[in-house]
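The structure under discussion appears below in the form of C-alpha cells.
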Amino acid sequence: MKLTHDFYIRPTLEVARNLLGKVLVRRLGRKTLSGIIVETEAYVGPEDLACHASKGRTPRTTVMFEQGGCAYVYMIYGFYFCLNVVTEPRDFPAAVLIRAVDPIENISTMRRLRKNPERDTSIASGPGKLCMAMAIDKKLNGADLTGKTLWIEDRGVAVDRIDATARIGVDYAGEYKDKPWRFYIHGNPHVSRAKIGHRTQDV
DNA sequence: GTCGTGATAGCCT
DNA sequence: GGCTATCACGACG
C-alpha cells in the first residue's frame, strides 16, 4: 500500500514517528530497491532553527514549502545527499529526514552501490549511506512520492518501541538543538551510529 | 572500541 | 568567505 498525500499532510512529528516501519522503495530501471525505515528526524517549520527553511524561502528550500508528499534532496559537505519527505500543508515548510533503512529487496545491488561494506548493517545506516545505497541524488529533489520512481509503502511491519533523542549535528540551533525530534526503532542494528545523545524518552 | 581529521561543493551573508 | 541535517580511515589503547 503506497502512502498517499493524506499521510504526509499532517503534523511533522507525527509523520516522523509513523514513518518508522514503513518501506522506502526506489525503482531503478528494472530493479526495485527497498528497505524498512528505522530512523528519522523531524524538521518542523520556520520557527525550528535547525530546519533549513527557518531562513526563509530560498532556491534550496523552495520544495519544503510544497504540500506534503514530495522529496527534498540536497547535497551536504560536498559529498553526500540527504533524503527528506516534505510534510504538512502547502506553505508550512517542514520535512522528515530519512536517516536509515534496513535493506530488504535487492540487497546485493544496494551493497554494490555502497562499495561493498563488510557488514550489511552499514549499507544504509545513515542519511548519506542510504542515498548512496538507493541511488538517490539531486535529480530526485521535488519528486512526487506518490509516483513511480520513489515512494513509501505500508507493509504492516510492526514497531513495538520507539526511542527519541536530540537530532544529530544541529548544535547551532539554539533552543531547538535539544528537541527530542530524532526517532528510531529501539535496538535496531541498522540505526546510524552517529553520536547518540542519551535517550530522552520512549514513545 | 573512541577520537580526530580530511575530503569537497553548494548554499547564503 | 564561512558553514554544513556526513563518512571513512588511521592512530591510539
Side-chain angles (χ1 to χ4, degrees), chain A residues 8 12-13 15-17 19-20 24 35 37-66 68 70-88 92-101 103 110-143 145 150 163-184 189-198 200:
Chain A
Y8 300 103
T12 306
L13 294 174
V15 176
R17 280 186 289 251
L19 279 173
L20 296 176
L24 177 66
I37 297 171
V38 299
E39 179 180 355
T40 61
E41 279 178 4
Y43 289 88
V44 192
E47 310 279 301
D48 176 4
L49 295 174
C51 181
H52 288 166
S54 65
K55 304 224 166 47
R57 196 188 290 251
T58 67
R60 181 172 66 156
T61 61
T62 297
V63 64
M64 294 184 90
F65 288 79
E66 286 299 311
C70 59
Y72 167 44
V73 181
Y74 67 92
M75 173 169 270
I76 184 138
Y77 300 119
F79 294 86
Y80 305 108
F81 293 98
C82 288
L83 168 67
N84 301 249
V85 304
V86 174
T87 56
E88 315 244 9
F92 186 87
V96 174
L97 171 66
I98 312 295
R99 288 190 56 90
V101 304
M110 298 172 77
R111 188 186 297 118
R112 205 160 49 240
L113 285 165
R114 277 273 296 130
K115 307 289 193 267
N116 305 308
E118 283 185 22
R119 299 176 346 274
D120 280 1
T121 48
S122 69
I123 289 177
S125 54
K129 299 179 188 178
L130 177 159
C131 286
M132 267 183 267
M134 300 186 90
I136 292 166
D137 62 23
K138 196 111 197 240
K139 291 196 291 291
L140 288 173
N141 188 41
L145 294 175
L150 184 67
D163 289 341
T165 72
R167 295 168 292 181
I168 306 296
V170 296
D171 286 348
Y172 59 85
E175 58 184 308
Y176 283 86
K177 80 183 175 71
D178 296 318
K179 299 279 185 193
W181 291 350
R182 169 177 180 244
F183 304 101
Y184 57 89
H190 296 267
V191 170
S192 73
R193 313 266 269 91
K195 199 173 300 176
I196 304 179
H198 76 287
T200 52

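Just so it is clear, the values below take in all heavy atoms, side chains as well, and ignore hydrogens, waters and symmetry mates.
A/R60 comes within 4.0 angstrom of the backbone, heavy atoms only, and of no base. At a threshold of 4.0 angstrom between heavy atoms, the contacts of A/K138 are confined to the sugar-phosphate backbone, with no base atom among them. Here A/G78 lies in heavy-atom contact (under 4.0 Å) with a base.
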Note, DNA chain C 5' to 3' with Watson-Crick or G-U pairs under 3.5 Å encoded as ( ), [ ], | and . gives ||||.|||||||.
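For the pair A/H52 and C/dA5, the criterion of a side-chain N or O lying under 4.0 Å from OP1 or OP2 is met. Between A/R99 and C/dT6, a side-chain N or O to OP1/OP2 separation shorter than 4.0 Å is present. In this structure, A/R114 reaches the C/dA8 phosphate: one of its side-chain N or O atoms is under 4.0 Å from OP1 or OP2.
Side-chain atoms of A/I98 and A/L19, non-hydrogen and from C-beta on, do get closer than 4.5 Å to each other. Side-chain contact between A/N141 and A/Y72: present, with at least one pair of heavy atoms (C-beta onward) separated by less than 4.5 Å. Residues A/P103 and A/H190 form a side-chain contact, since some pair of their non-hydrogen atoms from C-beta on lies under 4.5 Å apart.
A cation-pi arrangement is absent between A/R99 and A/F183, since the terminal nitrogen or guanidinium carbon is not both under 6.0 Å from the aromatic centre and inside a 45° cone about the axis.
A donor-acceptor pair shorter than 3.5 Å can be found between the side chains of A/E39 and A/S192. There is a side-chain donor-acceptor pair under 3.5 Å between A/T58 and A/T61.
Between the side chain of A/Y77 and the base of B/dA7, no donor-acceptor pair of N or O atoms lies under 3.5 Å.
The aromatic ring of A/Y74 does not stack onto the base of B/dG10, failing the criterion of a centre distance under 5.5 Å from the six-membered base ring together with planes under 30° apart.
Classification of A/R114 and A/D120 as a salt-bridged pair fails, no side-chain N sitting under 4.0 Å from a carboxylate O.
Whole-Å rounding puts the A/E41 CD to C/dT6 P distance at 7 Å. Taking atom CZ on A/F79 and atom C1' on C/dC3, their separation rounds to 15 Å, with Å as the unit.
Projected onto DNA chain B by closest heavy-atom contact, A/T61 and A/Y80 fall at different nucleotides, the more 5' of which corresponds to A/Y80.
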